[in-house]
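Numbers for residues simply follow the sequence, beginning at 1.
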Amino acid sequence: MGILSIAVALLWSSATKAETRVYLLRGWFGVFSTGLDSLAAELRNKGIKAETVGHLAWKTTVSNIIKDHAVGKGGPLVLVGHSQGANNVIDIARLLQRENIAVDLLITLAPAGQDPIPGNVVRAINYYNSPGWGAPVTADASYRGKLTNINLGGDIGIYHMAIDKSPKIQGEIERAILAVSQTK
């Protein structure tokens, strides 16, 4: 009976450690990225730990991720950001690279003037509107992951203030996150 208890405890602790964590960062003022709230709720309904964060709290988010990683909560990590929040998720990934923490999936929605994707990101997806808001993202020379830039400039109704609320885009993001969760 003792061996069975130990085996169950080990399996339970491994499952806890492998929990996918998703941080969704809103754009300026936190009022224009409300689609991220509904996406987070949908992910939580599917058993994914998802949290919406105001873009001004991005440095606190970095600290929380580092603390979690230090205590063994090193499951798949996903960062999603809209507008200024998109720039901030790239900043988060860059600081996590210094700590040797991988980002399994990084998704940006209409970033502007962003830095390149750092080498610790496994997969990056960037949605932007051209002409309009946002641009293709680039990657550091050390980047070995998969980077996809998707121009939504031809899609009527998907513009900067609505990109995070688009059912089409939310569905694509959800599928990408669930794929990360299932492969880890």
Side-chain angles (χ1 to χ4, degrees), residues 18-28 33 35-36 39-40 42-43 48-53 55 57-59 61-62 64-66 68-69 74-130 132-155 158-160 163-166 168-184:
E19 182 178 46
T20 300
R21 294 163 297 140
V22 180
Y23 296 92
L24 301 103
L25 274 78
R26 291 173 149 208
W28 281 105
S33 304
L36 297 181
L39 179 58
E42 183 63 29
L43 290 167
I48 303 291
K49 183 179 177 184
E51 177 182 345
T52 306
V53 180
H55 82 91
W58 73 270
K59 289 182 181 177
T61 302
V62 171
N64 291 340
I65 293 168
I66 292 169
D68 284 349
H69 194 266
L77 176 61
V78 178
L79 303 173
V80 180
H82 173 237
S83 193
Q84 180 59 44
N87 294 342
N88 293 137
V89 295
I90 296 171
D91 296 334
I92 289 171
R94 189 159 307 282
L95 290 176
L96 293 176
Q97 182 177 31
R98 295 179 189 167
E99 302 293 325
N100 294 316
I101 298 173
V103 175
D104 295 280
L105 177 61
L106 184 140
I107 299 175
T108 53
L109 301 167
Q114 69 284 347
D115 290 330
I117 305 295
N120 64 323
V121 175
V122 177
R123 182 175 180 210
I125 304 170
N126 173 49
Y127 293 91
Y128 68 100
N129 295 77
S130 181
W133 192 269
V137 295
T138 60
D140 284 346
S142 65
Y143 187 75
R144 299 291 177 256
K146 181 179 179 185
L147 170 59
T148 306
N149 282 292
I150 301 170
N151 184 1
L152 301 168
D155 288 352
I158 300 180
Y159 52 93
H160 185 72
I163 193 171
D164 63 302
K165 297 164 195 67
S166 163
K168 172 187 171 190
I169 304 304
Q170 284 189 357
E172 290 177 14
I173 292 170
E174 184 179 320
R175 283 188 292 281
I177 291 169
L178 292 173
V180 166
S181 181
Q182 292 169 355
T183 59
K184 291 287 177 169

- Item | Val103 side chain near Val89 side chain, heavy-atom distance below 4.5 Å | no
- Message: So, taking the atom named CZ in Arg21 and the one named CD1 in Ile48, what distance separates them when rounded to the nearest 0.5 Å?
- Response: 12.0 Å
- What closest approach, in Å, do Asn87 and Pro111 show between heavy atoms, and which atom pair accounts for it? OD1-CB, 3.3 Å
- Query: Closest heavy-atom contact between Ile117 and Arg94?
  - Reply: C-NH2, 4.1 Å
- Item | Any donor-acceptor N/O pair, Asp115 side chain to Asp91 backbone, under 3.5 Å | no
- Query: Any side-chain heavy-atom pair from Val122 and Leu105 closer than 4.5 angstrom?
  - Reply: no
- Please report the closest heavy-atom contact between Gly119 and Asp140, naming both atoms and the distance. N-OD2, 4.2 Å
- Item | Inter-residue atom distance Asn126.CG - Asn149.CG, 0.5 Å rounding | 4.5 Å
- With side chains defined as the heavy atoms from C-beta onward, is the minimum distance between Trp58 and Leu95 less than 4.5 Å? yes
- Considering all heavy atoms of both residues, which atom of Ala102 and which atom of Leu77 are nearest to each other, and what is their separation? O-CD2, 3.8 Å
- Query: Does Tyr143 reach the side chain of Val121, with side-chain heavy atoms less than 4.5 Å apart?
  - Reply: yes
- Are the side chain of Gln114 and the backbone of Ala86 linked by a donor-acceptor contact shorter than 3.5 Å? no
- Message: Rounded at 0.5 Å granularity, tell me how far NE2 in His82 sits from CG in Leu24.
- Response: 12.0 Å
- Query: Checking Asn129 side chain against Ile158 main chain: does a donor-acceptor pair fall under 3.5 Å?
  - Reply: yes
- Shortest non-hydrogen contact between Ile101 and Asn120, atoms and distance: O-ND2, 2.8 Å
- Query: Can you tell me if Asn151 uses its side chain to pair, donor with acceptor, with the backbone of Gly153 under 3.5 Å?
  - Reply: yes
- Is Thr61 close to Asn88 at the side-chain level, that is, under 4.5 Å between some pair of heavy atoms? no
- Would a distance-only check, ignoring hydrogens and angles, find a side-chain to backbone donor-acceptor pair under 3.5 Å from Ser166 to Ile169? yes
- Task: Give, for atom CD1 of Ile150 and atom CD of Glu172, the distance between the pair rounded to the nearest 0.5 Å.
- Result: 5.5 Å
- Message: Are the side chains of Gln170 and Glu42 in contact, using a 4.5 Å heavy-atom criterion?
- Response: no
- Query: Which atom names give the shortest non-hydrogen contact between Gly27 and His55, and what distance separates them?
  - Reply: O-CD2, 3.3 Å
- Task: To the nearest 0.5 Å, tell me how far Ile92 CD1 sits from Ile65 CD1.
- Result: 5.5 Å
- Message: How long is the straight-line distance from OH of Tyr128 back to NE2 of His160, given to the nearest 0.5 Å?
- Response: 15.5 Å
- Heavy atoms, side chains only, cut-off 4.5 Å: are Leu39 and Val22 in contact? no
- Query: If we only count heavy atoms from C-beta on, is the Asp104 to Arg123 side-chain gap below 4.5 Å?
  - Reply: no
